[in-house]
2 protein chains.
Amino acid sequence: MTERELPPLNALRAFEAVARRQSVSAAAAELHVTHGAISRQLRLLEEALGRPLFTRQGRGLQLSAAGTQLHEGTSAAFGQLRDSWAGLRRGSSAPFVLGCSGSLLARWVIPRLDRLARDLPELQLHLSAQEDPLTPALGELDGALLLAAPPWPANWQVTELAPERIGPVLSPRYAGWARLAGQPARALLDEAVLHTASRPQAWRDWASAAGLPGPPAASGQGFPHLYYLLEAALAGLGVAIAPAPLVADDLAAGRLLAPWGFQPTPARWILATPQRGRDPRASALAAWLQRELAADEKSAPLTDSA
Amino acid sequence: MTERELPPLNALRAFEAVARRQSVSAAAAELHVTHGAISRQLRLLEEALGRPLFTRQGRGLQLSAAGTQLHEGTSAAFGQLRDSWAGLRRGSSAPFVLGCSGSLLARWVIPRLDRLARDLPELQLHLSAQEDPLTPALGELDGALLLAAPPWPANWQVTELAPERIGPVLSPRYAGWARLAGQPARALLDEAVLHTASRPQAWRDWASAAGLPGPPAASGQGFPHLYYLLEAALAGLGVAIAPAPLVADDLAAGRLLAPWGFQPTPARWILATPQRGRDPRASALAAWLQRELAADEKSAPLTDSA
DNA sequence: AGCCATACGTCAGGAAAACGCAAACATGAC
DNA sequence: GTCATGTTTGCGTTTTCCTGACGTATGGCT
């Protein structure tokens with residue numbers, strides 16, 4: 001039997017707060033006790049360990065080597081305890097807060113909300129639009145729907161939903177379509193394609209996956225977000241590049257074309273949840289998202305042989 | 001500021017023990033207190049949460065849904081706290097315990113120990129041979145050297161050292177060498193190659209990476225471990241398959257040949273450490289292993305174009 | 001059915017831990 | 001030197017936690 005002992009937990013919590021805030025007083029305020037109490041706990045922990053965790057220099061303190069190591073090892077654990085407890089206290093009766101980038105929200109999630117409400121009627125969902133730099137802290141979130149490539153942060157619990165596939169799309173009303181129709185994918189290399197600031201590598205990724213020598217040389221108009229990019233493509237302004245599910249509806253309706261198919265990228269559609277015990281609502285949502293994405297991928301044209 | 005609260009920690013520790021052991025009395029024994037104390041803590045925690053964590057049925061208890069979720073969310077965190085504390089208490093003065101499979105130990109680590117001692121003289125290293133099913137619990141270990149493909153367990157902190165490359169090797173004394181010399185790799189498909197029980201997929205992986213239609217059809221002699229497999233190859237008994245670094249010395253000395261080069265696999269050479277604060281000894285060891293592996297890979301012939 | 005062994009719950013009193021308060025101490029700024 | 005800031009220390013008090021003994025519920029055994 002593993003007879004491993006835990007350190008004095010309250011002292012450890014005090015240490016974690018002090019190490020994080022770099023101050024006894026600040027930690028004391030956070031824990032609603034006096035600084036004297038904290039100081040005492042620190043001493044206790046250092047005695048239990050047998051060597052100092054901080055180097056004192058009169059009025060300030062700084063983590064020692066041992067202290068740094070302990071802080072690195074414990075802060076994540078405490079975070080997980082906090083998350084887990086908070087998630088449980090909030091309870092499954094509270095709405096499930098799902099974070100997701102604005103573009104995904106507008107172009108994919110919202111059009112499918114009615115289906116979601118029908119398939120998972122008991123799920124109370126609150127949506128929260130995150131900034132596009134897709135590294136949310138997921139602090140207040142119960143989950144986040146993301147497009148991201150591994151490796152993912154260790155403090156996420158990740159459910160892979162589907163591989164990402166991206167491809168060039170354009171409106172049949174686009175003036176250049178007459179010129180491009182019937183051409184192979186490499187014809188795009190000479191096209192002034194549309195691109196987005198939130199994902200500058202998209203064309204390069206697509207080109208390398210498609211086996212083309214490089215991304216389109218001339219860069220056409222740029223847009224701040226994928227959402228605007230797709231609106232521009234729908235308006236016939238040029239050739240955009242987008243993940244298949246985001247344009248599945250437009251392809252089905254004929255508003256957009258994807259003559260060169262879609263190419264897989266290293267990224268994945270994922271549902272990231274905090275590392276608490278598996279929330280049954282998250283599991284249900286993940287399963288639904290997976291089904292929904294699979295359907296969209298199926299409806300999108302398969303990868304075109306370049 | 002995130003004003004998130006932690007649950008009563010001592011009560012949570014009691015809960016974790018009870019949930020793990022499925023018994024109040026067993027948990028009480030583990031924590032060196034009476035069952036009454038545990039029972040009280042459980043009640044306290046349930047009151048703080050506002051709903052029961054266990055379903056009582058007279059003389060036994062079982063986790064409720066909420067209890068299961070809390071246990072999933074907290075057990076890992078407590079494990080990390082235990083690990084972190086234990087690692088720090090043991091101290092950097094204690095020897096670094098490195099686990100690794102017997103084959104790796106015998107054929108790669110041990111021959112390089114003298115160089116390791118010269119390059120990292122202050123590192124006290126204890127070696128521990130693990131069973132070949134490469135999923136050690138790394139409970140008592142400070143680290144483990146492994147060949148494994150992602151995804152890795154979430155409770156490991158993984159440092160990738162090098163991609164794995166495997167390839168067919170044989171002794172120049174092997175009777176079939178005359179027949180094979182100069183032939184392309186696909187000639188091996190008709191060869192009765194040697195294989196190992198600890199890695200039955202090796203030939204298949206190699207064949208698919210090399211773009212061959214399938215693994216060698218006829219299976220020659222099998223061996224329980226890679227170590228014996230390589231001894232057999234050295235003895236001229238046939239064609240074995242092995243990771244490049246494990247045969248680097250033999251290739252350099254001419255005891256083995258690798259006429260068809262080595263192919264990358266999804267696996268990696270990794271140093272897995274428990275999720276405590278980064279141990280400086282582990283960092284130093286990882287850096288050294290990385291250098292050493294890079295040198296071995298360089299000395300091995302590059303991937304042969306099949 | 002009656003009895004015993006097992007396992008959890010509860011309560012009172014006492015031990016131990018943690019706390020608040022206030023004074024002491026250390027350092028850097030002025 | 002004096003003040004402002006921030007940590008440590010000593011002591012009396014409050015809070016928490018534990019022990020130990022007893023009560024209750026269940027299942028196996030005769």
Any pair with a residue in residues 266-277 of chain B that passes side-chain hydrogen bond (donor to acceptor under 3.5 Å, both in side chains), sequence neighbours left out, goes on the list, sorted by first then second residue, please.
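Sorted result for residues 266-277 of chain B: D142(B)-R276(B), E160(B)-R268(B).
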Judged by modelled atom types alone, do T196(B) and S198(B) share a side-chain donor-acceptor pair under 3.5 Å?
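Present: a donor and an acceptor within the cut-off.
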Residue closer to the 5' end of DNA chain D, R56(A) versus L44(B) (nearest nucleotide)
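Nearer the 5' end of the strand: R56(A).
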Comparing L61(A) and T34(B) on DNA chain D - which has the more 5′ nearest nucleotide
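Closer to the 5' end of DNA chain D: L61(A).
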Whole-Å distance between dC25(C) C1' and H35(A) NE2?
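Distance, rounded to whole Å: 12 Å.
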Could you give the CG-to-P distance, from L42(B) to dT10(C), as a whole number of Å?
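Checked: the CG to P distance equals 11 Å.
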Non-neighbouring partners of Y227(B) that pass ring pair (Phe, Tyr, Trp, His ring centres under 6.0 Å), sequence neighbours left out:
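Partners of Y227(B) under the ring pair (Phe, Tyr, Trp, His ring centres under 6.0 Å) test: none.
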Return the set of residues passing ring pair (Phe, Tyr, Trp, His ring centres under 6.0 Å) with W288(B) (not counting sequence neighbours), or none when no residue passes.
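Once residues adjacent in sequence are excluded, W288(B) has no partner under the ring pair (Phe, Tyr, Trp, His ring centres under 6.0 Å) criterion.
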List in chain and number order the residues that pass side chain to side chain contact (heavy atoms under 4.5 Å, CB included) with T34(B), two or more places apart in sequence or in another chain; answer none if no residue qualifies.
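Expected list: A37(B).
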Run the side chain to side chain contact (heavy atoms under 4.5 Å, CB included) test against S23(B) and tell me which residues pass, sequence neighbours left out.
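Expected list: S25(B), A26(B).
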Terminal contacting nucleotides, 5' and 3', DNA chain D versus chain B (heavy atom, 4.0 Å):
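Using the under 4.0 Å cut-off, the span is dC17(D) to dG27(D).
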Below 3.5 Å, can you tabulate the donor-acceptor pairs from side chains in residues 47-55 of chain A to any protein atom, sequence neighbours excluded?
from	atom 1	to	atom 2	distance (Å)
R51(A)	NH2	L88(B)	O	2.3
T55(A)	OG1	Q62(A)	O	3.3

Does a side-chain N or O of S25(B) approach OP1 or OP2 of dT6(C) to a distance below 4.0 Å, or not?
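No, outside the criterion.
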Scan nucleotides 26-30 of chain C against the protein and return all N/O pairs shorter than 3.5 Å with their distances rounded to 0.1 Å.
none

Apply the test salt bridge (Lys or Arg N to Asp or Glu O under 4.0 Å) to residues R89(B) and E5(A): give CA-CA distance (whole Å), side-chain angles for both, the deciding distance (0.1 Å), then the verdict.
CA-CA 11 Å; R89(B) 263 183 75 94; E5(A) 296 262 325; over 6 Å; no
Could you tell me which residues satisfy salt bridge (Lys or Arg N to Asp or Glu O under 4.0 Å) with R115(B), sequence neighbours excluded, listed by chain and number?
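Per chain and number, R115(B) pairs via salt bridge (Lys or Arg N to Asp or Glu O under 4.0 Å) with E292(B).
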Excluding sequence neighbours, so at least two apart, what forms salt bridge (Lys or Arg N to Asp or Glu O under 4.0 Å) with R40(B)?
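R40(B): no salt bridge (Lys or Arg N to Asp or Glu O under 4.0 Å) contacts found.
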N/O-N/O pairs, protein side and nucleotides 11-17 of chain C side, under 3.5 Å:
none

ring-ring contact (aromatic ring centres under 6.0 Å, His included) pairs, two or more places apart, involving residues 64-106 of chain B
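Passing the test, one end in residues 64-106 of chain B: no pairs.
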